[in-house]
Amino acid sequence: MTQTGLILKSQRFRSEREADWKRLESLLGLLEAGKRNQLSDDDVIALPLLYRATLSSLSIARTISLDRNLVDYLESLSTRAYFFVYGTRTRLDERILSFFLRDWPAAVRALWRETAIAAGLGAMGALVAFFVTLRNPAYFYVFVDRALAGGRGPRASTAELTRTIFDTHGDKALGFFASFLFTHNAQIALLAFALGFACCLPTAFLTFYNGLMLGAFLALFYSHGLGVPFGGWLLIHGVTELFAITLAGAAGFRIGWALAFPGSKSRLEAASDAGRLAGTLMAGVVLMLAVAGLLEGYGRQLVTSTALRYAVALLTALVWAGYFYGPRRPR
Amino acid sequence: MKEPKSLVRELITPEGIDLRLVLADGGERLSAFLLDIVFILLALVGLTLVTGGLALLFSFRSAEVMGVIWILGFFALRNFYFIAFELTPRAATPGKRIVGIRVATRDGSPLTPNAIFARNAMRELEIFLPLLFMIAKADGIDAWTGIVGMIWCAVFVFFPLFNRDRLRIGDLVGGTWVVVAPKRVLSPELGAPAARPVFSETALDAYGIKELNILEDVLRRQDAETMRAVAMRIRKKTGFDLPMPEAEFLSAYYIALRGRLETRLLFGRRRRDKYEKA
């Protein structure tokens, strides 16, 4: 086809610019496939220029060309390029660094009110179940599922209960135990977060129920004079785990609250602002639960001295509190 | 243009041009999701076979390690499959790529990891909780609790069908939506007809832009049967009776019609279809 074979203005328009579009298309193909290093310096410099040229072509094509294939092609190419040119520009390692240095602690601090409410609900549950079970041990199974309780019930003897605290399960299946605990707890935490969507109520119930179970166990061991060793058994990982679950509840509350009472923003806007903040927090919660799983699976089975268990618990409490709420240099 | 108007959304770039994003409809979303589920299940079967096989191979001395790998792999697949793929530059899982859709933020800003995390953490509520409910309903829950629970779950599952932007709960919370992002190919130019017969004014005023686009499709598809039928219709309507092969006639008429409509367009007259005044 010769140049003279092109009859219409819109055809000449296309033939003059087609090479740029094709070049942008091939660069995008490489970038989308993650082959960033195959781009030369010239390509990198050319990319935004090609993008603007294509956008301008699209704008012109819409007004002068009736070739639908051409307009569709330019629309799709411009959209692909837009997402790339205006997409995230930070590298993955930078993002991870900023997550740990700033975003995660900042999200935790921003949700301090919700965290306090979730912690309060959990504590309330624990207190209620503790006193009710202490007065009448038969209530234990109201709060704790039989399967979860295992051998630890109101009828168990002191010796049996002591064994559950200090038994090391051998040291064979610790890794499996740790990973099971982690995945189980992370799933519960994610659920607590997601349930916040329904006006906070299911999250509130879950947090409260978690406290109830804790209180019932505490009462059981306390009534056998095992309160202090049980505290060590629980807190060595519990500081991390309970904190993580409280944070997950707080994230759920923030979303439910934003949806119910969006304030001056639109409901959608409020929900997505809350969601992004809570999303950052939840990524951190999953990490905390991984730490808790390791402490529970390995730490608790390997450290059997109550004093040492309390020491580890105190240490984790200080580390988390310092990391999240400690003063930091203003940027 | 083919898409229903209700799914087209304005996205103005900083350069001031509207990209006219098209939202993915329910069918596309569902098929992408089902494809992803199939991939996840396949990966899970693969994971089980590999870890199980290795455990067997070492006569269960490494069974614990394999157990750990399996349980963590299961967790990662369930929770991070969607997140990991949506974090890539194409912002789409394999299922979405096949269907030709991607995730984007509703305000056109860059897609951040926390938005992706929030949007996918909500799947717990939308999919896994209803599934759990269906499996667990056998033990001792009475019928009414079951029914109420089902309705409650259905609200979340069918949420995307009941809002304008086809948002699921996760999209709502993450500030995202799912748009159509097909890779289109630039087809060769249609216009260099072998012969250029002269068409009369009335012959060129017979059709509008909609018909021109249909003719473009017919010419690109090159289906002999359709071309013959279309050529007959146009000849009859325009009263053009010079003997010419169908393909040649159609491409000559296409160029002439497009030239006329484009000239009119330059003067600000966009004739949508043949029913509009020429």
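A note on names: the letters A, B, ... follow the listed sequences, proteins ahead of strands, and every chain is numbered from 1.
- Annotation: maximal heavy-atom pairing with chain A below 4.5 Å, among B:Leu266, B:Leu21, B:Thr88, B:Val185, occurs at B:Val185.
- With chain B as the partner, the residue from A:Glu32, A:Arg52, A:Glu18 showing the most heavy-atom pairs under 4.5 Å is A:Glu32.
- Counting heavy-atom pairs closer than 4.5 Å to chain B, the top residue among A:Lys22, A:Met282, A:Lys9 is A:Met282.
- For a residue to count as touching a neighbouring chain, one of its non-hydrogen atoms must lie under 4.5 Å from one of that chain's; by this rule A:Leu259 touches chain B with the side chain only.
- In the model, A:Thr183 has no side-chain atom that pairs as donor or acceptor with a side-chain atom of B:Arg78 under 3.5 Å.
- Heavy atoms of B:Ile116 lying under 4.5 Å from chain A are absent altogether.
- Only the side chain of A:Arg80 comes within less than 4.5 Å of a heavy atom in chain B; its backbone stays farther off.
- Interface residue B:Asn79: only side-chain heavy atoms are found under 4.5 Å from chain A.
- Contact annotation for A:Arg267: neither backbone nor side-chain heavy atoms come within less than 4.5 Å of a heavy atom of chain B.
- In this structure, the portion of A:Tyr82 lying under 4.5 Å from any heavy atom of chain B is its side chain and not its backbone.
- Among A:Ser56, A:Gly279, A:Ser59, the residue making the largest number of heavy-atom pairs under 4.5 Å with chain B is A:Gly279.
- At a 4.5 Å heavy-atom cutoff, the contact between A:Leu58 and chain B is made by side-chain atoms alone.
- With a threshold of 4.5 angstrom between heavy atoms, B:Val180 does not approach chain A through any atom at all.
- At a 4.5 Å heavy-atom cutoff, the contact between A:Thr280 and chain B is made by backbone and side-chain atoms alike.
- Here the CZ atom belonging to A:Arg68 is positioned 8.0 Å from the CD1 atom belonging to B:Ile214, to the nearest 0.5 angstrom.
- Between A:Phe182 and B:Phe75, the gap from one ring centroid to the other is short of 6.0 Å.
- The candidate with the highest count of non-hydrogen atom pairs below 4.5 Å against chain A, out of B:Arg270, B:Glu216, B:Arg90, is B:Glu216.
- For a residue to count as touching a neighbouring chain, one of its non-hydrogen atoms must lie under 4.5 Å from one of that chain's; by this rule B:Ile209 touches chain A with the side chain only.
- Judged by distance alone, the side chains of B:Asn114 and B:Thr112 do bring a donor and an acceptor atom under 3.5 Å apart.
- Proximity to chain A is absent for every atom of B:Ala181, based on heavy atoms less than 4.5 angstrom apart.
- Contacts of A:Ala283 with chain B are made by both backbone and side-chain atoms, with heavy-atom separations under 4.5 Å.
- Using a 4.5 Å cut-off between heavy atoms, B:Arg123 makes no contact with chain A at all.
- Ring orientation note: the planes of A:Trp21 and A:Tyr73 are tilted relative to one another, at an angle of 30° to 60°.
- To the nearest 0.5 Å, the span separating CG on B:Asp18 from CZ on A:Arg62 amounts to 6.0 Å.
- Distance check, rounded to the nearest 0.5 Å: OG1 of B:Thr176 to CZ of A:Arg276 gives 8.0 Å.
- Contacts between B:Phe156 and chain A at a heavy-atom distance below 4.5 Å involve the side chain alone, from C-beta outward.
- Summarising the local packing, CZ of B:Phe158 is surrounded by 12 or fewer heavy atoms from other residues, nucleotides or ligands at distances under 6.0 Å.
- In this structure, chain A has no heavy atom under 4.5 Å from any part of B:Arg119.
- Looking at heavy atoms from C-beta onward, B:Phe159 lies out of side-chain contact with B:Glu126 at the 4.5 angstrom threshold.
- For chain A, the nearby part of B:Leu212 is the side chain; its heavy atoms alone come within less than 4.5 Å.
- Within the 4.5 angstrom heavy-atom criterion, atoms from both the backbone and the side chain of B:Leu19 approach chain A.
- Neither the backbone nor the side chain of A:Ala107 comes within contact range of chain B, judged by heavy atoms closer than 4.5 Å.
- For a residue to count as touching a neighbouring chain, one of its non-hydrogen atoms must lie under 4.5 Å from one of that chain's; by this rule B:Ile69 does not touch chain A.
- In this structure, the portion of A:Glu25 lying under 4.5 Å from any heavy atom of chain B is its side chain and not its backbone.
- Heavy atoms of A:Phe99 lying under 4.5 Å from chain B are absent altogether.
- Both the backbone and the side chain of A:Ile64 come within contact range of chain B, each with at least one heavy atom under 4.5 Å from a heavy atom of that chain.
- Both the backbone and the side chain of A:Ser65 come within less than 4.5 Å of a heavy atom in chain B.
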